[in-house]
Every structure is written in structure tokens, then in C-alpha cells.
Participant: 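Provided herewith is a single structure, encoded as C-alpha cells, for subsequent inquiry.
The sequence lines fix the lettering, A, B, ..., with proteins before strands; numbering per chain opens at 1. All values reported here derive from a predicted model rather than from experimental measurement.
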2 protein chains.
Amino acid sequence: MPLWAQLESALRARLDAGEFDDRFPTDGDLVAEYQVSRHTVREAIRHLNSTGILRRERGRGTVVNRAFDQPLGALYSLFESIEASGAVQRSRVIALREERDAFVAGQLELDRDAPLVYLERVRYADDEPLALDRAWLPMAVAAPLLDSDFEHTALYEQLDARCGLRPNSGWERIAPVVPGGRERELLQMRVGEAAFFLERLSSADGHPIERRTTTIRGDRYRFVSTFEAGVAPALVASAT
Amino acid sequence: MPLWAQLESALRARLDAGEFDDRFPTDGDLVAEYQVSRHTVREAIRHLNSTGILRRERGRGTVVNRAFDQPLGALYSLFESIEASGAVQRSRVIALREERDAFVAGQLELDRDAPLVYLERVRYADDEPLALDRAWLPMAVAAPLLDSDFEHTALYEQLDARCGLRPNSGWERIAPVVPGGRERELLQMRVGEAAFFLERLSSADGHPIERRTTTIRGDRYRFVSTFEAGVAPALVASAT
DNA sequence: GATGTCCAAATGTCCGTATATTCGGTTCGA
DNA sequence: TCGAACCGAATATACGGACATTTGGACATC
């Protein structure tokens, strides 16, 4: 294991323990403490930096990014874009309970009858329904969430605060659907109207911790991607 | 401007000119050529690397990622993923003619009554309809395409060969729809089934040259995005 | 012909040092 | 009291050199 990688995991451990909440050591401090060159320190911090845990500011120092360990991907960008548009976001909790589901358990790499925390919400932007959100998490790690108030706080916020988990990788899949029955009603959509169906499996440190499906009204939101030679295209949600 | 940034843009320019198609210089070569330290070279390459243009392999060297130079975006990745899956692709030309359309002309930054080349195709994968593809291009630059055989060649191929144009930037927008009437029939979809509606405007050197809409069957294809902290999420099409 | 060994090339890792730039606070003068 | 100038701290940029590790090919051996 390279020196910088050892240093990275050492710092990560201390970060997780909350050691540097007020102030992160400077390059020089770490050189002195770990007896390595500044170059090595910077290589370790560069990695911590790229994962979004740290933010370096020239002339000020290195600060810990507690709040902005951002849930990633198109779903996150959707809610972010609504936030940016100035619309007021609100959630209504439809269900928050224990559940068992063989398929979901499989995706979360659990036994098929393992207990799960199930959270179902309708999300509103400016009092208009925007999305129906269903999330399943392993009861083994997410049990504390059963007491949470998800009308006023975000899932990932609670997941971090109560369970100490921060998703940092995963995948999403987007399909077109025509919602029916209860789903269509909750979203106040017209019969035969199309919507996005977004599936997501997010993991923390390689272990899946959340299976989520989100049905998003298609009349108000789009996924946009700009592309340019030499730059990887990025998928971003936008309001129409 | 930092030295490494200058080096980065210099290398980028040479890459765009296609200079390193066969082999990218080694660290040592660049040190010798630009008279900077290896540290600076690596800083520049690190950035080129993070945008996905280059890939370094220990013991082998630095190689160019030409894939990113192709017509980009989700639409391209769709047909590429079908290709990769081994399915046989085929196109049936429904229409290839001159047309006028005020809205499209506006998007292409032309006069509202400017003549356009209009191409409409149904695309098949293994003899099953996959997508309905409509493209508009300015007659002023794309007139030679009216003689092309689009059953057996790709649009961008002809555009390059006959008009000398290669799209290198643009945007795409994805929405869910329920195709009706003729569209549904051509795609052999059931009534009330959902599909993707993909709009695209692509440009060459900043000038829009192609407006395209593609209706993609939703039952067979999905858009997938994997995400990881510190890495830009990439949108990729995949067959179900 | 298959296998093993060695070597050169290329990138990865690591150290030490020096200067530049930026930020925040302090000091000083009008 | 306010603004400008200054200063220390911290990161950014840049150079130099050295050794480690991996890859792929050349070569020899069985």
C-alpha cells in the first residue's frame, strides 16, 4: 500500500471519528506529524478532496466538508435544480414502516426475508406533486430512521445523522412509464400521461444501503445532457 | 495562468488536431520538449486524465481515449450499445426530402422559411423496431445528402463524407411520452405504452447543423448512469 | 512450441526545496 | 473611526532527483 494511501485511510478514520470538525491540520502539520514529505501529504489530501470530504482554500487552509457529502446522480440533481429554481419543496410521508421484500433484499445483498425500513413519500414543488419516492434500507443499519420526521428533513441527512452512513457510489436507471391507479392519483396526473421511472441503488463504501424508486412527472421535468468533444457528457435535470 | 494549465491547453490543441492518435508522448518526452519538470507534466496530464481524454497505464504509457471524440451523447451511446450487444442494426427510410419548418429553422438559427433536408427513418435491432428517428439539417450545407442511401450508412458518416461536417457539441433532452397514431404503429408498440422522446441539437464549431428527435421504445432500452464520489456521472444507454 | 528469465521502458511513489499567491487579521496613519 | 498598507499563515506552483513497480518483448532453455 502506497504511503499516501496509508495516510489517506488514517486521516479518513480520524475524520470519521469527528476529530477535525473544527479545523483540519495544514500541510506542514501533517508533514511533521507523520514524518512524510509534503508531496505525499498532498497526494493523500488530493484523494480526500476528490471524494468531496475536504475542501482546500488557498490562503485559508483545509476545511472539512461535513454537510456537502452530496448524494450524487440525476436524482440529486433533480431536487437541486428545483431548489435552484426557487420553488418551495415539501414532502408528505405516505408510509414509514418495517417491510419485507425478497427482490429488494436481493438487491441490497441481504437474505430474502431480511427486515427492511420502508419509506414512501410524495414530493411537492410549490404545492404541485412532483414525484413519488419509495426507499428501502436494511433494518440492520437503518432502524433508527423509523422515528425520523421525513416531512421536514431529507433521507440522506437522517441517514448520516442517525446511522452514520453516507452513500458515495451507485447507479441509476431511467425508464419511461405510464403510471396507473394509486400512483397516478398521488401525483395528480391525467390518465395516459407519461412519467419517468427512476431506479437507484446507492452504496456506502461498496455495500448497498438503499434501494429507491422514484416516479417523476414527465410534463414538468426533463433530463438534459450537453456534450462537447473531449468532455464527458453530464446528465442534469431541469424544469420545463 | 499556471504552467501546467498552459501545457494542458497546448496538449489539448494538439490532441484535437489528431496528432497523438497512434501514441501519446511519455512523461520524459514532454519534459524534454517543453523544458518543464516532470511534476508539471504530470499535473497537466492529471487534468487531461480526469476529463477522460487520456488514460495512463503503468508500465505501458499514456493512451488517447478516442471514443470521446465521436458524435457524443446518449443517442450515440444507444446505437453503440446495440452494436456492442451484437444485434444487427438496420434502418428503413420513410422520408428523405426538402421541407420547411419555421420552428426547426429557428432552432438551427436560420430564416423561418429556409429550406431544410428532412430525413425520417425507423431503426431496427434484430428486425425489431427500436426507434423512430427524424432529422432536419440546413439545405444550405446538407443538400448533398438528398442522394444518400441511409438504409446502409449512418447520417454522421454521410455528413462527414459529403458535406465535410462533424458535429462536436450540442445538447440532448429526454422526456417520457406515450406515442400515438402513426408513430406507435411504425414502432409496433401496444396502445398506452411509454417511450423515450429524445431531442437533440448538434453543432459543428458552434453553428447548429442538425435538429433531431428520436422516439425510443421504452420497453427494451433504458438510460443508466453510474455515479461515484469525485467522478462525473456518465449517462449510458443499455438494453434490458 | 511452450515456458521461464531477464531487460528496457514507462508510470507510480517519494523526498527535499524554493517561490508565488491568496486570505485574514493587524497595525498605522489621516 | 475608517481605510490603506503590511504581515504571517496557508495553499498553489514549480523544480530537482531517486527508487519502485509494472508491462511487454527479447532471449534462452527445456
Participant: Under the ring-ring contact (aromatic ring centres under 6.0 Å, His included) rule, what pairs show up with a residue in residues 35-65 of chain B, not counting sequence neighbours?
Facilitator: His39(A)-His39(B), Trp4(B)-His47(B)

Participant: Can you name the residues that form a side-chain contact (heavy atoms from CB on, under 4.5 Å) with Ala5(A), not counting sequence neighbours?
Facilitator: Met1(A), Pro2(A)

Participant: Excluding sequence neighbours, so at least two apart, what forms side chain to side chain donor-acceptor pair (under 3.5 Å) with Ser37(B)?
Facilitator: Thr40(B)

Participant: Glu57(B): which residues meet the salt bridge (Lys or Arg N to Asp or Glu O under 4.0 Å) condition with it, sequence neighbours left out?
Facilitator: Arg55(B), Arg60(B)

Participant: My understanding is that only residues two or more places apart in sequence, or in another chain, count here; which of them pass salt bridge (Lys or Arg N to Asp or Glu O under 4.0 Å) with Glu199(B)?
Facilitator: Arg173(B), Arg211(B)

Participant: Let me have a per-nucleotide readout for nucleotides 5-16 of chain D, 5' to 3', with B, S or -, counting only protein heavy atoms under 4.0 Å.
Facilitator: -----BBBBBBS

Participant: Check residues 142-150 of chain A and write down every donor-acceptor pair under 3.5 Å in which the side-chain atom is one partner and the other belongs to a residue at least two apart or another chain.
Facilitator:
residue   : atom : partner   : partner atom : Å
Ser148(A) : OG   : Leu145(A) : O            : 3.4
Ser148(A) : OG   : Gln158(A) : OE1          : 2.7
Ser148(A) : OG   : Arg162(A) : NE           : 3.2
Asp149(A) : OD1  : Glu151(A) : N            : 3.0
Asp149(A) : OD2  : His152(A) : ND1          : 2.9

Participant: Can you give the first and last nucleotides of DNA chain C, 5' to 3', that have an atom under 4.0 Å from a heavy atom of chain B?
Facilitator: dA10(C) to dT13(C)

Participant: Run the salt bridge (Lys or Arg N to Asp or Glu O under 4.0 Å) test against Arg23(B) and tell me which residues pass, sequence neighbours left out.
Facilitator: none

